[in-house]
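The structure under discussion appears below in the form of structure tokens.
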Amino acid sequence: MKRAILFAVLFIFMFSFAFSKTTITYWQYFYKTKQDTINQLIKEFEKENPDIEVKHVTFPYENYNQKVAASLPAGVGPDVINLFYGWLPMYIESGYLMELPKDTFNKDYFDNNFYPFVEKSVQYEGKYYAVPTAVRSLALFYNKKILKEIGLEQPPKNLNEVIEVAKKLSKYDKRGNLIRAGFTMQPSGQHHHWLREVLVRQFGGVPYTSDNKTVLYDKTGAKSEALQWYVDRIVKDNVGFPNFLNDDVTAFQSNMAAMTIDGSFRLGTLDANRNLDYGVVELPEYNGIKSNFASFWAHGITTNAKGEKLDASVKFLEFITSPKAMELWLKNTGELPANPEVALKYYDDPKYGPFLKGLEYAHATFFADEKAQRELMMNAIDEVYLKDISAEDAWKKAADTEQKILDEFWNK
């Protein structure tokens with residue numbers, strides 16, 4: 001009897017040990033389509049890996065980084081984390097992320113599975129720290145019904161045509177107040193990227209040196225003319241202005257804006273609006289120059305993940321960045337597959353295609369301090385628009401401020 005009891009206890013112990021689970025935690029900011037997609041991927045992952053459990057936690061975008069800063073140094077929080085690629089230097093310098101295991105995530109891995117700008121953007125001092133599921137670029141969204149009011153089936157292809165069409169499609173009340181924007185002008189949306197990486201290049205300039213250590217947009221090309229062109233659409237043509245109907249997304253979704261510039265991540269949201277009939281084309285060119293801004297959110301493994309948690313985190317990271325996951329991500333969110341081979345089959349799609357074509361000539365900005373660099377570009381627009389400071393002075397001030405940010409980062 002004693003022997004039988006001993007065997008039973010031993011069996012129970014071995015059974016429970018064999019089927020014990022390793023639990024890891026995944027963090028991302030809250031965006032409904034992203035939350036739903038990750039939940040779906042987690043179910044599939046846990047089915048394939050019954051010995052691993054993944055807890056999914058989201059936070060509002062506005063205080064996401066504060067949550068990270070408060071948790072990881074204390075040894076709590078996520079094992080795998082979703083972060084904007086522009087935050088990588090800050091996260092790495094703060095000790096939040098570990099270098100990805102070299103046996104899995106190496107140069108050959110990135111060269112064979114991702115766009116070239118991804119490989120450059122996820123490494124820091126020769127080491128790799130993150131992997132994306134999807135990438136983004138910008139495109140021109142247009143309201144088909146509004147364009148038809150002036151007999152247009154297709155939107156403008158260059159900046160000069162943008163001005164002409166936007167003027168015709170803008171509407172005003174009896175007092176001259178804008179009640180329908182011909183073209184949204186929202187620096188806090190994607191326009192700070194559009195100004196830096198697209199308009200600067202189209203006006204003949206270069207944003208930074210190739211080593212990302214020196215600001216050049218105030219020294220090359222037409223210098224402040226890109227900023228002047230942007231602000232003129234607000235103060236001179238009055239085809240749109242910051243915070244019109246709260247923001248550019250609201251205005252476009254409400255059929256109160258004819259054209260807007262936004263990212264591929266917006267497709268999932270817009271497609272859910274049955275009252276909106278819209279189309280997408282590549283960004284308008286200028287002086288024969290095409291340019292675009294590429295970005296992405298990536299997944300990294302934090303310094304919390306050790307031992308079995310690290311092994312489980314690596315498996316999860318591989319799963320949520322697989323071609324299968326990229327296909328689901330595209331379907332649910334509109335974000336583009338980070339793998340060119342997966343993306344190729346959507347190249348001629350009327351909505352995905354313009355973004356994918358834009359990736360061919362897109363640039364991904366290096367951010368030493370993404371928040372500060374975003375705000376200084378927005379401030380330059382506000383100073384000309386609201387404070388009547390000259391574009392030349394505002395542009396130089398922005399460049400000087402950004403140079404100090406870069407110098408501080410690289411000197412550190």
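The structure presented is a predicted model; accordingly, all values stated were derived computationally and were not measured. Note that these values count all heavy atoms, side chains included, but never hydrogens, waters or copies made by symmetry.
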[X] side chain near [Y] side chain, heavy-atom distance below 4.5 Å:
X    : Y    : result
Y208 : L406 : yes
P284 : Y286 : no
K404 : E408 : no
S188 : P242 : no
M90  : D369 : no
F265 : T33  : no
H191 : I261 : yes
L199 : L159 : yes

Backbone of [Y] reached by a side-chain donor or acceptor of [X] within 3.5 Å:
X    : Y    : result
R233 : V239 : no
Y91  : L83  : no
K213 : D407 : no
D79  : S313 : no
N292 : Y361 : no
Q373 : A368 : yes
Q28  : N82  : no
T302 : P78  : yes
T209 : T214 : yes
D247 : T250 : yes

State whether the number of non-hydrogen atoms from other residues, nucleotides or ligands found under 6.0 Å of [X] atom [atom1] is greater than 12.
X    : atom1 : answer
K219 : NZ    : yes
E308 : CD    : no
E44  : CD    : yes
K309 : NZ    : yes

Scan side-chain atoms only and decide if [X] and [Y] contain a donor-acceptor pair under the 3.5 Å cut-off.
X    : Y    : result
D173 : N177 : yes
T269 : Y31  : yes
S291 : Q202 : no
S224 : E392 : no
E370 : Y85  : no
N255 : N143 : yes
T37  : N332 : yes
T133 : H299 : yes
Q40  : D36  : no

Measure centre to centre between the rings of [X] and [Y], then say whether the value is under 6.0 Å.
X    : Y    : result
W395 : Y217 : yes
F316 : Y26  : yes
F296 : W329 : no

(request) Take D400 and K396 through the salt bridge (charged side-chain N to carboxylate O under 4.0 Å, His left out) test and state the conclusion after the steps. (result) CA-CA 6 Å; D400 290 345; K396 187 178 188 309; 3.0 Å; yes
Can you say whether the rings of [X] and [Y] are parallel (under 30°), tilted (30 to 60°) or perpendicular (over 60°)?
X    : Y    : answer
F105 : Y109 : perpendicular
Y29  : Y64  : perpendicular
F59  : W27  : perpendicular
F183 : W194 : tilted
F110 : Y128 : parallel

(request) Any chance you could measure F367, atom CZ, to E402, atom CD, to the nearest 0.5 Å? (result) 8.0 Å
(message) Please report the interatomic distance CD(E53) to OG1(T25), rounded to the nearest 0.5 Å.
(response) 9.0 Å
(message) If you apply the rule salt bridge (charged side-chain N to carboxylate O under 4.0 Å, His left out), what do you find for K345 with E327, and how did you get there?
(response) CA-CA 11 Å; K345 66 180 72 174; E327 295 268 10; 2.9 Å; yes
(request) Decide yes or no on salt bridge (charged side-chain N to carboxylate O under 4.0 Å, His left out) for E375 and K371, but give the supporting numbers first. (result) CA-CA 6 Å; E375 289 180 350; K371 183 176 183 291; 2.9 Å; yes
Atom of [X], atom of [Y] and distance for their closest heavy-atom approach:
X    : Y    : answer
D262 : F355 : O-CE2, 3.8 Å
V342 : P323 : CG2-CB, 3.8 Å
S121 : F117 : OG-O, 2.7 Å
L336 : Y352 : CD2-O, 4.3 Å
V280 : P354 : O-CG, 3.4 Å
Y230 : Q186 : OH-N, 3.5 Å

(request) Indicate yes or no: does D393 engage K397 in a salt bridge with an N to O separation below 4.0 Å. (result) no
(request) Determine, for D277 against K145, whether the closest basic-nitrogen to carboxylate-oxygen distance falls under 4.0 angstrom. (result) no
(request) Identify whether NZ of Lys or CZ of Arg in K351 sits under 6.0 Å from the centre of the six-membered ring of Y278 and within 45° of that ring's axis. (result)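 Output yes; distance and angle both within limits.
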(request) Check each of T22, T23, I24, N39 against V54 using the side chain to side chain contact (heavy atoms under 4.5 Å, CB included) test, and report the only one that passes. (result) I24
(message) F293 vs R196, test: side chain to side chain contact (heavy atoms under 4.5 Å, CB included). Steps then yes/no.
(response) CA-CA 9 Å; F293 169 69; R196 176 191 284 110; over 6 Å; no
(request) Show the numbers, then the answer: is there a side chain to side chain contact (heavy atoms under 4.5 Å, CB included) between N113 and V131? (result) CA-CA 10 Å; N113 295 288; V131 189; over 6 Å; no
